[in-house]
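Treat the numbers as computed from the prediction; the structure is a model and nothing was measured.
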Amino acid sequence: ITAAHRDFRERGEVFGLLHSAEYPIYGRFGYGPATREATWALDTHSASFVGGPTGRVDIVSPSPASRDVAMGVFETWRRREAAAIRRKDFAWDFELGLRASAWGDDWKGFLAFHEAASGAIDGYVRYSRAAGSWEMRQPRNVVQVDELVALDDAAYADLWRFLAEMDWVATVKAARRSLSEPL
């Protein structure tokens, strides 16, 4: 690696790339992950959760009232999350399909809130049906997670459990998630 670094410098290259399946072992040479996000695909038939739910998850209709609740959860989460970006208020209307978009299809999905045992809303998930099929007389539907925000591990686990235990769903896909996702 030292020779490779010398060669990079001699050729005047802007950066050196090491393609590795296990980037952490090369950190001592200055290498790190090439991405900060991942797409997760959960096979619901193979998934299981430890322990029972700690709260409850309810599907709610996207509305100005539910938007305000989701905004509150997001802002609490955002203030704790390094590099999380504030979402402008009008963007929430697009994210929840409350306002028509001039740049593509309107969001037509579902919104669910996690309610802790205390009664506080401490998480939410926005999701939609991405694809549906039947194989060998069994449903193999896919749910696409558009956003999942939880204020603690219990809400996080309950929201994933809710998605994984949906009837007729074989796969839950979530894009733009952290590489260190607790799932």
Side-chain angles (χ1 to χ4, degrees), residues 19 21-23 33-67 69-71 73-74 77-78 81 83-85 87 91-116 121-183:
H19 192 293
E22 296 183 44
Y23 75 85
T35 184
R36 297 284 182 215
E37 61 184 44
T39 297
W40 293 92
L42 176 67
D43 176 355
T44 64
H45 300 296
S46 299
S48 62
F49 291 83
V50 177
T54 61
R56 69 181 220 195
V57 178
D58 293 313
I59 299 172
V60 297
S61 295
S63 67
S66 60
R67 174 200 57 210
V69 173
M71 286 172 65
V73 172
F74 179 84
W77 170 84
R78 183 187 68 81
E81 191 68 22
I85 299 172
R87 186 176 298 156
W92 282 95
D93 289 341
F94 294 123
E95 297 286 338
L96 293 171
L98 299 175
R99 181 187 291 191
S101 173
W103 298 287
D105 296 333
D106 296 340
W107 182 77
K108 291 178 178 67
F110 302 92
L111 174 65
F113 288 145
H114 181 267
E115 183 179 327
I121 303 298
D122 60 356
Y124 67 90
V125 61
R126 291 186 315 107
Y127 63 96
S128 55
R129 185 172 162 237
S133 68
W134 285 75
E135 296 174 14
M136 300 174 62
R137 298 181 177 253
Q138 296 293 315
R140 299 288 184 236
N141 294 309
V142 177
V143 165
Q144 177 66 48
V145 175
D146 299 312
E147 182 176 36
L148 188 148
V149 173
L151 300 182
D152 59 33
D153 292 342
Y156 177 86
D158 284 357
L159 287 166
W160 274 105
R161 179 191 306 269
F162 165 77
L163 295 164
E165 292 179 350
M166 284 184 186
D167 291 340
W168 293 20
V169 172
T171 305
V172 178
K173 288 189 176 179
R176 299 183 319 270
R177 302 300 298 178
S178 169
L179 290 173
S180 60
E181 191 84 14
L183 182 65

Calculate, to the nearest 0.5 Å, the distance between atoms [atom1] and [atom2] belonging to [X] and [Y] respectively.
X: Met71; Y: Tyr124; atom1: CE; atom2: OH; answer: 10.0 Å
X: Glu181; Y: Leu148; atom1: CD; atom2: CG; answer: 7.5 Å
X: Tyr127; Y: Leu111; atom1: OH; atom2: CG; answer: 8.5 Å

Could you tell me which residues satisfy salt bridge (Lys or Arg N to Asp or Glu O under 4.0 Å) with [X], sequence neighbours excluded, listed by chain and number?
X: Glu81; result: none
X: Arg129; result: none
X: Arg78; result: Glu75
X: Arg176; result: none

Apply side chain to side chain donor-acceptor pair (under 3.5 Å) to [X] and list each qualifying residue two or more places apart in sequence or on a separate chain.
X: Arg126; result: Glu95, Glu147
X: Ser46; result: Asp43
X: Arg140; result: His45
X: Asp152; result: none

Show the nearest heavy-atom pair for residues [X] and [Y], with the distance to one decimal.
X: Leu159; Y: Ala112; answer: CD2-O, 4.5 Å
X: Ser128; Y: Gly109; answer: CB-CA, 4.1 Å
X: Ser61; Y: Ser66; answer: O-OG, 2.9 Å

Residues in ring-ring contact (aromatic ring centres under 6.0 Å, His included) with Phe49, at least two apart?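 Residues passing ring-ring contact (aromatic ring centres under 6.0 Å, His included) with Phe49: none at all.
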Got a sec, which residues hit ring-ring contact (aromatic ring centres under 6.0 Å, His included) with Trp77, two or more places apart in sequence or on another chain?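 Counting only residues at least two positions away or on another chain, Trp77 forms a ring-ring contact (aromatic ring centres under 6.0 Å, His included) with Phe74.
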Can you list every pair that meets side chain to side chain donor-acceptor pair (under 3.5 Å) and has a residue in residues 106-115, with sequence neighbours left out? Trp107-Asp146, His114-Asp122, His114-Asp158
Report, as yes or no, whether the 6.0 Å neighbourhood of atom CZ on Phe94 holds more than 12 heavy atoms from other residues, nucleotides or ligands.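 Enclosed.
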With a cut-off of 3.5 Å and sequence neighbours excluded, list every side-chain donor-acceptor pair involving residues 162-175.
none

Under 3.5 Å: donor-acceptor pair, side chain of Trp40, backbone of Ser178: yes
Given Trp160 and Val125, is the side-chain contact (heavy atoms from CB on, under 4.5 Å) satisfied, shown in steps? CA-CA 9 Å; Trp160 274 105; Val125 61; over 6 Å; no
